[in-house]
Amino acid sequence: MLTVENLSVHYGMIQAVKEVSFEVKQGEIVSLIGANGAGKTTILRTISGLNRPSSGSITFENQPIHKVVPQKIVAAGLCQVPEGRHIFSGLTVQENLEMGAFLRKGNELKEDYQMVFERFPILKERKNQDAATLSGGEQQMLAMGRALMSKPKLLLLDEPSMGLAPIFIKEIFNIIQEIQKQGTTILLIEQNAKMALSIADRGYVLETGQIVLSGSGEELLNSEEVKKAYLGG
Ligand code: ATP
């Protein structure tokens, strides 16, 4: 579904991503793990069209997308939930969800609100509330609900567990699995390697801009190198 080949990304003289290649197949959860500054966010932003590669290619459903503008990438079915959620404060929960559907027309939106509210009942309860008043976990749910309103085929999640209490982290990861079961493919980047690998079909480990290990979620969870570097020994 998504193929990244020999991707390099620079910020001026700094090379943040070095010849990275990986793929995400339809129906999978793929986790990209790595320490702070490893280049995870840069890879996601480049897939979404927010950064441009200095070399390499990105193909989504057999179409090259590395020169395509972000809104066309969203329209093609690829949507990112950014790190830090970026919900719109001053707008209500419902209005935030509407923003997620701004590229879509038609009457089926009502059903999609229904779908989002079923998955995240707390958002229904709070739908008329200013989004800024939600807790961190609720804002993450809103950011995910807003992305689902664009009906993505592939959902890109940037550190969904960041800053959340353990109970919310568990809930968010359960929801990610439910979203996969209902047919959306997921590329997840996380510093919480344990959670990210435990729900992943496959994973990749990124170090200073390069992929150093790959395997099934289970293989990586049991790898001595991963245990030592990311799972606390
Ligand atoms: P984090 O978990 O902290 O988000 P990350 O793995 O997502 O880390 P990136 O944010 O992609 O890593 O950063 C990769 C490298 O690129 C880092 O060395 C970072 O300092 C650098 N970098 C990121 N954004 C910029 C920028 N806008 N300008 C210059 N350098 C940047």
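Counting starts at 1 for both ligands and their atoms, in listed order.
Counting non-hydrogen atoms of neighbouring residues, nucleotides and ligands closer than 6.0 angstrom, the CD atom of Glu61 exceeds 12 such neighbours.
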Every pair of nitrogen or oxygen atoms between ligand 1 and the protein that is under 3.5 angstrom apart - can you list them with their distances to 0.1 Å?
{"residue": "ligand 1", "atom": "2 (O)", "partner": "Lys40", "partner atom": "NZ", "Å": "3.3"}
{"residue": "ligand 1", "atom": "2 (O)", "partner": "Glu159", "partner atom": "OE2", "Å": "3.3"}
{"residue": "ligand 1", "atom": "2 (O)", "partner": "Gln191", "partner atom": "NE2", "Å": "3.1"}
{"residue": "ligand 1", "atom": "3 (O)", "partner": "Asn36", "partner atom": "OD1", "Å": "2.3"}
{"residue": "ligand 1", "atom": "4 (O)", "partner": "Thr41", "partner atom": "OG1", "Å": "3.2"}
{"residue": "ligand 1", "atom": "4 (O)", "partner": "Glu83", "partner atom": "OE1", "Å": "3.3"}
{"residue": "ligand 1", "atom": "6 (O)", "partner": "Ala38", "partner atom": "N", "Å": "3.0"}
{"residue": "ligand 1", "atom": "6 (O)", "partner": "Gly39", "partner atom": "N", "Å": "2.9"}
{"residue": "ligand 1", "atom": "6 (O)", "partner": "Lys40", "partner atom": "N", "Å": "2.9"}
{"residue": "ligand 1", "atom": "6 (O)", "partner": "Lys40", "partner atom": "NZ", "Å": "2.9"}
{"residue": "ligand 1", "atom": "7 (O)", "partner": "Lys40", "partner atom": "N", "Å": "3.4"}
{"residue": "ligand 1", "atom": "7 (O)", "partner": "Thr41", "partner atom": "N", "Å": "2.7"}
{"residue": "ligand 1", "atom": "7 (O)", "partner": "Thr41", "partner atom": "OG1", "Å": "2.7"}
{"residue": "ligand 1", "atom": "8 (O)", "partner": "Gly37", "partner atom": "N", "Å": "2.8"}
{"residue": "ligand 1", "atom": "11 (O)", "partner": "Thr42", "partner atom": "N", "Å": "2.9"}
{"residue": "ligand 1", "atom": "11 (O)", "partner": "Thr42", "partner atom": "OG1", "Å": "2.5"}
{"residue": "ligand 1", "atom": "12 (O)", "partner": "Gly39", "partner atom": "N", "Å": "3.1"}

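Applying the side chain to side chain donor-acceptor pair (under 3.5 Å) test to pairs two or more places apart or on separate chains, none has a residue in residues 212-226.
Within the 3.5 Å criterion, the main-chain N or O of Ser8 finds a donor-acceptor partner in the side chain of Ser54.
One hydrophobic cluster, built from ILVMFWY side chains closer than 4.5 Å, cannot hold both Val24 and Leu155; they sit in different ones. Hydrophobic clustering, with ILVMFWY side chains joined whenever heavy atoms are under 4.5 angstrom apart, groups Met195 together with Val81.
If you check the side chains of Glu190 and Ser31, you find no donor sitting under 3.5 Å from an acceptor.
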